[in-house]
Undergrad: 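Let me begin by handing over the structure; questions about it come next.
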Amino acid sequence: MISLRFYLLDIDSRLRSGEVEVRLWGLTDEGRRVVLFDRALKPYFYAVAENTELLEKQLKSIGDVEEFELKEARIFGKNVKAFKIYVSNPDRVDSIAEAVSKLKGCGGVYDCDLRHTQHYLLDYDVQPCGWHVVEVEPTDKENIKIDEAYRMLKPPVSIGYQKDVIFRVLAFYMIPLPSKGSAKPEKDKIVCLAVRTNEGYVNVYNSEEVGERGLIENFIELIDSFNPDVIVGYGTNARDWEYLAKRAEANGLKLKVGRDGSEPHRSVYGHISIAGRIALDLYDYADDIADIKIKTLENLAAYLGVGVKDELMEEYDIPKLWESSEGRQRILSYALDRCRVIMECFKEFIDYGCQLSNLVCIPLDHVCTAAVGFRVESYLMKCSRKFGELIPKRIEKPYQPYAGAIVLEPKPGLHENVAVLDFRSMYPSIMMKFNISPDTYVEPEVNTKPEEVFIAPEVGHRFFKKPDGFYRDALKRLLEARAEISKKLKDLSPSSTEYRILDARQKAIKVITNAMYGYAGWIGARWYRRPIAESTTAWGRKTLLETVDYAMKIGLSVIYGDTDSIFVKHDQEKIEELVKYVSEKLGLEIKPETIYRRIIFTEAKKRYAGLLADGRIDITGLEAVRGDWSEIAKKIQREVIRIILETGSVEQALKEARKMLSDVEVGKVPLRELIIWKTLTKTTEDYKVLTAHVKAAQRLVDMGWDIGPGDKVGIIVVKGTGRLYDRVEPYQFVKPEDVDYRYYVENQIVPAVVRIISVFGYREEDLRAPIKTMEKKGQRTLF
DNA sequence: GCCTGATACATACCG
DNA sequence: ACCGGTATGTATCAGGCG
């Protein structure tokens, strides 16, 4: 027997002579790549026994039910008796559970729609991207590309061991040559594939030199010899892997890149998995970052501070470039640079990725692809085990709306010295304070004594004060962990490894904490309970209103507020009093987060712009921060905002705006700044009304471009008559002389500017009038 | 058949 | 495939109008 320290990278399972075998892939303390086999866990599910004897009798007669045992468990806080039912044929867990759920005396089936690997992780408390001690014996490697293979003798034991793990990483970027529209793997060859390892190997395979077949062979050989733990790319789930597999097939090859010689395969959440390796798609990371509007690799790189060669190349540029040797050269160096950028973005991402994976207990490759709801749910499943809660099946539930947060009416105008007071984790704190949880919720028909429950305002839902609900427990762990990390971070140098990892972890914790309320109100959630979400927002509204009332009572002028924040005229003493009130009387924490030297509010909620102490300008909600306005309109609005905030002179802002606007009128503006991007949210046929971006998308599809739901369509408005949708073109096809510059002035720039200046009594005419008329208004400033 | 205002649809934002 | 609240632009339709 050997005892090993083992870091878990990936987990999968396979059938071996009728048994499920779990494979744990990872690294040892000495940096050896190993795989561990374990058949100890038998497939199972739970059936709640409402009539134990009756149910037991029927269970005996069901084929493939190997054995079962009666256990104590909990469902939504209620103690129940349930049979843990072991199934001999792992493929039949679902169907047998379905059959058992219909038996007399059965009160529902639980833990039945989880993958076997998930049961394994939960039952043995195994942590992806975490260290364990394992007791093993050596076994045959079966040609697996690994240093050692072992058979597990006991379940793994998770240990708090922290050690930086150095992965072997391969980044790649491929370029196919499209014949028409988007490249199609059925007919369009891959002409170049760039690779880069984190150990310094760089190359670009070129179909001109080695043929497409040679290019793919080179790629497979590199994976074979370098044997990476991680293979990273951009857009690999939606495109690259499938493309490579099809082109491999067309060349009589198999894309055997898995450590066990298997090919990439589609797995849960739409992820493409590679056996024994982490297949990462940085697109998923970009998708998670709201500030990145158009999810290109360049934009991700810019966001992360990774430098990109200033060379724009899009798919429609490729065919023409490929015709000349100079163009081909450019394509090759472009691919190489993209590969470098992918590797650098990977380095910025990986600490956070590992921490998130470890926290929510989803393997690293899947956690990136999993939506927030599934991440929260996975974390909750882990917590539920400690409470003895069985895991409900995912079922369709009807949608029933409920009231959310409140937003205060802003005081329009320019204000000076405004402090923003934010509640710290308002919803999680409220959920903890009032023990809001699926297992503490009191059904309407249940009688309770007034002192044993919390009653939500407005909606009247009740929650038991004791014992702790499992949401309270789950949140407490998160908040305590984060507080502890914050304390540690203070004593660490930001450049140290430990700081980097802890900071990544606290970010991961924050994401999960903040998503917990949203999860509770999601109809797809296993632990969905509308009253939970509804009560949380009700207490939230009450809290905010009470805070506003008190602020006004002590003479603080409240300018705005939204959900968990209030904007007040800065007054140190009174703010301190308000903070004290909130902490002592409401039992929550409020903190001045931001101080604006100056801030502009329009009549509209959720839209404002402020000047910070350090001179930066913060814009919220306005056109300037939206992805569906042209850059030129956004740029001019930003400029107007900046001048007003810095000088207080609307006239000066107008003067500048007029200058910029007149450039547009004569066509002195790059086409790039005229693109209006909109997301296609469904297939073009599903739209009830025709819109500009849908029309453009239809045209692109007709021309052979792969465009579907979720894709962004970039349009430019061109001269013509009729509806807007009759006057737009996909941006790729527009020449400067086609552009309808008047549209941009009247429907983009003017509205964006007027939105701001109208606050100060100026109108469209003031923007468009000659300077002479303006002077009549005189030079005045707002402060 | 054209104009106008009301309404529905579509998108993206805030917290 | 986390929530509800909000702003805003464009399409579409009903009704007025000799």
Undergrad: Any side-chain N or O of A:Tyr743 under 4.0 Å from OP1/OP2 of C:dT10?
TA: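 Yes, A:Tyr743 has a side-chain N/O under 4.0 Å of OP1/OP2 on C:dT10.
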Undergrad: Does A:Lys634 pair with A:Glu639 as a salt bridge, N-O distance under 4.0 Å?
TA: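 Judged by the 4.0 Å cut-off on N to carboxylate O distance, A:Lys634 and A:Glu639 do not form a salt bridge.
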Undergrad: Does the pair A:Asp111/A:Arg385 count as a salt bridge with the N-to-O cut at 4.0 Å?
TA: yes
Undergrad: Sequence neighbours left out, what pairs pass salt bridge (charged side-chain N to carboxylate O under 4.0 Å, His left out) with at least one residue falling in residues 557-568 of chain A?
TA: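 Sorted pair list: A:Asp562-A:Lys606.
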Undergrad: Please determine whether a side-chain nitrogen of the Lys or Arg among A:Asp113 and A:Arg394 lies less than 4.0 Å from a carboxylate oxygen of the Asp or Glu.
TA: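 No, this pair does not count.
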Undergrad: What's A:Tyr399 touching, base or sugar-phosphate or nothing? Going by heavy atoms closer than 4.0 Å.
TA: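 It contacts sugar-phosphate atoms only.
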Undergrad: Check this for me: does any side-chain nitrogen of one of A:Lys393 and A:Glu98 sit under 4.0 Å from a carboxylate oxygen of the other?
TA: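 Counted as a salt bridge, because a side-chain N and a carboxylate O are separated by less than 4.0 Å.
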Undergrad: In whole angstrom, give the distance that lies between atom OH of A:Tyr725 and atom P of C:dA11.
TA: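 Spelled out: OH on A:Tyr725 to P on C:dA11 is 6 Å.
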Undergrad: With axes from five pairs an end, tell me the bend angle of the helix from B:dG1-C:dC17 to B:dG15-C:dC3, nearest 10°.
TA: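 It comes to 10° between the two terminal axes.
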Undergrad: How long is the line joining CD of A:Gln400 and C1' of C:dC2, in whole Å?
TA: 18 Å
Undergrad: Output one letter per nucleotide in nucleotides 10-15 of chain B: B when a protein non-hydrogen atom lies under 4.0 Å from the base, S when only the sugar-phosphate is that close, - when neither is.
TA: SBBSBS
Undergrad: Any protein N or O atoms within reach of nucleotides 5-7 of chain B? Criterion: under 3.5 Å, listing atom names and distances.
TA:
none

Undergrad: Can you tell me if A:Lys591 has over 12 outside heavy atoms packed within less than 6.0 Å of its NZ?
TA: no
Undergrad: Would you kindly give the CD-to-C1' distance between A:Glu603 and C:dT8, to the nearest whole Å?
TA: 15 Å
Undergrad: Near DNA chain C, which residues from residues 531-552 of chain A have a heavy atom under 4.0 Å away?
TA: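 The stretch gives none, as no residue of it lies under 4.0 Å from the strand.
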Undergrad: For a quick check under 3.5 Å, do A:Arg505 and A:Asn358 share a side-chain donor-acceptor pair by atom type?
TA: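 A pair is found: one side chain offers a donor N or O, the other an acceptor, under 3.5 Å apart.
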Undergrad: Under 4.0 Å, counting only non-hydrogen atoms across every strand here, what does A:Leu690 touch: a base, just sugar-phosphate, or nothing?
TA: sugar-phosphate
Undergrad: Give the rounded distance in Å between these two atoms: CZ of A:Arg723 and P of C:dG9.
TA: 16 Å
Undergrad: Using a strict cut-off of less than 4.0 Å between a Lys/Arg side-chain nitrogen and an Asp/Glu carboxylate oxygen, indicate whether A:Arg239 and A:Asp281 qualify as a salt bridge.
TA: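 Salt bridge absent between A:Arg239 and A:Asp281.
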Undergrad: Considering all heavy atoms of both residues, which atom of A:Tyr471 and which atom of A:Ala520 are nearest to each other, and what is their separation?
TA: CE2-CB, 4.0 Å
Undergrad: Take atom CG of A:Asn514 and atom C1' of C:dG4, then tell me their distance rounded to the nearest Å.
TA: 16 Å
Undergrad: Output the rounded distance in Å from CG (A:Asp740) to P (C:dT10).
TA: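 So the CG-P distance, A:Asp740 to C:dT10, works out to 12 Å.
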Undergrad: Taking only N/O atoms, report every protein-nucleotides 1-3 of chain B pair under 3.5 Å with atom names and distance.
TA:
none

Undergrad: Without decimals, in angstroms, what is the distance between A:Glu409 CD and C:dA7 P?
TA: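 So the two atoms are 7 Å apart, to the nearest Å.
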Undergrad: Output the rounded distance in Å from NZ (A:Lys510) to C1' (C:dC2).
TA: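 Result: 17 Å.
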Undergrad: What do you reckon, is CZ of A:Arg266 surrounded by more than 12 foreign heavy atoms closer than 6.0 Å?
TA: yes
Undergrad: Would A:Lys411 count as a cation-pi partner of A:Tyr560, with NZ or CZ less than 6.0 Å from the six-membered ring centre and within 45° of the ring normal?
TA: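 No, a cation-pi geometry is absent between A:Lys411 and A:Tyr560.
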Undergrad: Do any side-chain nitrogens or oxygens of A:Asn747 fall under 4.0 Å of OP1 or OP2 in C:dT10?
TA: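 The answer is yes; a side-chain N or O of A:Asn747 sits under 4.0 Å from OP1 or OP2.
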Undergrad: How about CD on A:Glu603, more than 12 heavy atoms from neighbouring residues, nucleotides or ligands closer than 6.0 Å, or not?
TA: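 Counting other residues, nucleotides and ligands, CD of A:Glu603 stays at 12 neighbours or fewer.
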Undergrad: Measure centre to centre between the rings of A:Phe463 and A:Phe454, then say whether the value is under 6.0 Å.
TA: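 So the answer is no for these two rings.
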Undergrad: Within the 3.5 Å criterion, strictly below it, is a donor on A:His265 or A:Ser267 matched to an acceptor on the partner's side chain?
TA: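 No, because no side-chain N or O of A:His265 sits under 3.5 Å from a partner of the opposite role on A:Ser267.
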Undergrad: Taking NZ, NE, NH1 and NH2 as the nitrogens, is one of them in A:Glu458 or A:Lys542 under 4.0 Å from a carboxylate oxygen of the other?
TA: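 Not counted as a salt bridge, because no side-chain N and carboxylate O are separated by less than 4.0 Å.
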Undergrad: Using the rule salt bridge (charged side-chain N to carboxylate O under 4.0 Å, His left out), only one of A:Arg638, A:Arg755, A:Lys635 pairs with A:Glu623; which is it?
TA: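 One option only clears the test, and that one is A:Arg755.
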Undergrad: Taking A:Thr679 as the fixed residue, which of A:Lys293, A:Lys712, A:His693 is the one that meets the side-chain hydrogen bond (donor to acceptor under 3.5 Å, both in side chains) rule?
TA: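 So, applying the side-chain hydrogen bond (donor to acceptor under 3.5 Å, both in side chains) to A:Thr679 and each of A:Lys293, A:Lys712, A:His693, only A:Lys712 qualifies.
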Undergrad: Verify the contact: side-chain N or O of A:Arg755 to OP1 or OP2 of C:dG9, cut-off strictly under 4.0 Å; return yes or no.
TA: yes
Undergrad: Classify A:Gly404 by what it touches in the nucleic acid, base, sugar-phosphate, or nothing, heavy-atom distance under 4.0 Å.
TA: sugar-phosphate
